[in-house]
2 protein chains.
Amino acid sequence: MPRVKQRTPQLRDHILEVARTSLAADGIESIAARRVAADAGTSIAAIYELFGDKAGLIREIFYDGFRRLRDHLDTADATDDPIADLRALMRAFREFARANPSLISVMYARPYDDFAPGPAESATGNATREAVTGRVRRAIEQGRLHGNAGDIAHVLLATCQGLALQETAGWLGTSVASRNRRWNLAADMLLTASATTAQQRR
Amino acid sequence: MPRVKQRTPQLRDHILEVARTSLAADGIESIAARRVAADAGTSIAAIYELFGDKAGLIREIFYDGFRRLRDHLDTADATDDPIADLRALMRAFREFARANPSLISVMYARPYDDFAPGPAESATGNATREAVTGRVRRAIEQGRLHGNAGDIAHVLLATCQGLALQETAGWLGTSVASRNRRWNLAADMLLTASATTAQQRR
DNA sequence: AGCCAATCAGAACAATGTTTCGAAAGCAAC
DNA sequence: GTTGCTTTCGAAACATTGTTCTGATTGGCT
């Protein structure tokens, strides 16, 4: 029972909030110790005391991003058509990516040197994947897809990741119409039942 | 008719070669002006005179990466089965990514702040995509796929990009066997004829 | 009130991107 | 060979950033 000042999570949460806002507004380069400290009205030392180093701060943004992504995916609630639900999931992923391009970049492209993901980060990513796996499993149970639910979910998310990075990476060489078309096409190509029956034969 | 010293491409090519090697060996953080200059036996100023800034140097590595990727994809030569050819293309993409993880990261994840891709970079990416588009078109002509060749190629490459970034991003939370399985599953899901017929109904 | 961890303020160091300046070197025409 | 122009070099200098350190201050807890 320490009779000492307790470290409240307020300062840590506040710094994280500021860093998230700064990332969304001005990109990854705005996550600099001096700037975050100034914007949060705190000291540079506090950041290092609370997060260890810059990679630690970004790691927390990374974690939080996956939590938010999963929450956003959960807003697409389940209907009686699991294939339609998976299409909705892809749509929700795209919405999230377009609303948070810098965050998606941190989560899936890692635009910084230091932060090397480890088992914990992998687990966070897996937790997000669970939201997809569950719906894939329902589609399998209803005979609309065939194969391993985890593998199918992984492929679906990989495609979403690739499409989203292409779309948010900045150059925007294509029209909105063709990007819409390609997201729909991806869902068509991935979610047709006969596609995954081939896997059974493998 | 200038009676002046001509700028030969030798120094530029040598610096690029050194930078590519350094990237492959030690990652993106090893691309630093002082280090590249020292490794190349040249001066820091030369880098700025030849490439403008660090982003310019990385841009050239980016360009070259797409050229090499296209060359590697071309090594998977065409047979009489265009679907098998597209599977071979995906395999070749994966081989390239696993052999050049840092380069793939520069090309598709952009692990640095400065270099913002523009129309020229987009064109380079499109050129690589052409290698895929041609084979997709052959599959369409033979009735094995249906839809817009460019869109299908884009989705195929987006999936390759997502799978490759997941695989080479470092954490490797999964076994080689499951990664093999997922690449095969992705090909199954994407390259089944009936999958893309849905697009026609759209 | 007093203890003690949390936090701050500011300096300091290293690494990096970038620019500048003048000197050295190479190539082409005379 | 000499001259003129460009390339390339060498080194210094500046700004920014990540990071650490040291000592002072603060605020909750007993």
Side-chain angles (χ1 to χ4, degrees), chain A residues 1-20 22-23 25-62 102 105-106 110-116, chain B residues 1-20 22-23 25-62 102 105-106 110-116:
Chain A
M1 53 225 59
R3 59 171 195 268
V4 296
K5 179 181 180 182
Q6 300 279 35
R7 167 178 273 160
T8 66
Q10 295 170 2
L11 178 60
R12 180 186 166 99
D13 291 349
H14 181 232
I15 292 175
L16 267 178
E17 168 82 16
V18 166
R20 277 195 302 260
S22 185
L23 173 69
D26 299 327
I28 184 67
E29 61 202 13
S30 71
I31 306 297
R34 287 167 180 80
R35 171 166 174 174
V36 171
D39 288 356
T42 182
S43 65
I44 297 172
I47 294 179
Y48 286 90
E49 287 154 358
L50 290 170
F51 299 99
D53 55 5
K54 180 179 176 179
L57 174 58
I58 293 181
R59 195 189 328 272
E60 293 306 315
I61 298 176
F62 172 93
S102 296
S105 169
V106 167
R110 322 245 158 73
Y112 43 90
D113 327 347
D114 310 318
F115 166 42
Chain B
M1 55 227 52
R3 59 172 195 268
V4 297
K5 179 182 181 182
Q6 302 277 38
R7 169 177 271 159
T8 65
Q10 296 171 1
L11 179 59
R12 180 187 166 98
D13 290 349
H14 180 232
I15 291 175
L16 267 179
E17 168 82 16
V18 167
R20 276 195 301 261
S22 186
L23 174 69
D26 298 328
I28 184 66
E29 62 202 13
S30 71
I31 307 297
R34 286 168 180 79
R35 172 165 173 175
V36 171
D39 288 356
T42 182
S43 65
I44 297 172
I47 293 178
Y48 286 89
E49 287 153 358
L50 290 170
F51 299 98
D53 56 4
K54 181 179 175 178
L57 174 58
I58 293 180
R59 195 188 330 271
E60 293 306 316
I61 298 176
F62 173 93
S102 297
S105 169
V106 166
R110 322 245 158 74
Y112 43 91
D113 327 347
D114 309 320
F115 166 42

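Everything numeric in this text was worked out from a predicted model, so none of it was measured. Order of the sequence lines sets the chain letters (A, B, ...), proteins ahead of strands, with each chain counted from 1.
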*Asks:* Can you check side chain to side chain contact (heavy atoms under 4.5 Å, CB included) on D26(B) and R35(B), steps first, answer last?
*Replies:* CA-CA 12 Å; D26(B) 298 328; R35(B) 172 165 173 175; 2.4 Å; yes
*Asks:* In whole Å, what is the span from the CD1 atom of I58(A) to the P atom of dT17(D)?
*Replies:* 14 Å
*Asks:* Hey, could you give me the CD1/CZ distance between I47(A) and R34(A), rounded to the nearest 0.5 Å?
*Replies:*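 Here the rounded value is 10.5 Å.
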*Asks:* Looking only at the side chain of A45(B) (C-beta and beyond, no hydrogens), which of the listed nucleotides dT19(D), dG10(D), dC8(C) gets closest?
*Replies:* dG10(D)
*Asks:* Of A32(B) and E49(B), whose closest DNA chain C nucleotide lies nearer the 5' terminus?
*Replies:* A32(B)
*Asks:* Measure from CD1 on I47(B) to C1' on dT20(C) and round the result to the nearest Å.
*Replies:*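 After rounding, the gap between these two atoms is 17 Å.
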*Asks:* May I ask you to verify if any side-chain N or O of T42(A) is less than 4.0 angstrom from the OP1 or OP2 atom of dC8(C)?
*Replies:* yes
*Asks:* Quick one: pull up CZ in F62(A) and CD1 in I58(A) and give me the separation to the nearest 0.5 Å.
*Replies:*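 With rounding to 0.5 Å, CZ (F62(A)) is 11.5 Å from CD1 (I58(A)).
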*Asks:* Atom CD1 of I44(B) and atom P of dC14(D): how far apart are they, to the nearest Å?
*Replies:*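 So the two atoms are 16 Å apart, to the nearest Å.
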*Asks:* To the nearest 0.5 Å, how far apart are CG in L11(A) and CD in E49(A)?
*Replies:*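 Separation between the atoms: 9.0 Å.
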*Asks:* Rounded to the Å, how far apart are R34(A) CZ and dT19(D) P?
*Replies:* 11 Å
*Asks:* Just call it for L57(B): base, sugar-phosphate, or nothing, with non-hydrogen atoms closer than 4.0 Å on any strand.
*Replies:*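 The residue L57(B) makes no contact with any strand.
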*Asks:* Starting from C1' on dA13(D), measure out to OH on Y48(B) and report it in whole angstrom.
*Replies:* 14 Å
*Asks:* Which whole-number value in Å describes the distance from K54(A) NZ to dA14(C) P?
*Replies:*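 Value for this atom pair: 21 Å.
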*Asks:* Measure from CG on L50(B) to C1' on dT8(D) and round the result to the nearest Å.
*Replies:* 9 Å
*Asks:* In whole angstroms, how far is the P atom of dG18(D) from the CD atom of E29(A)?
*Replies:* 11 Å
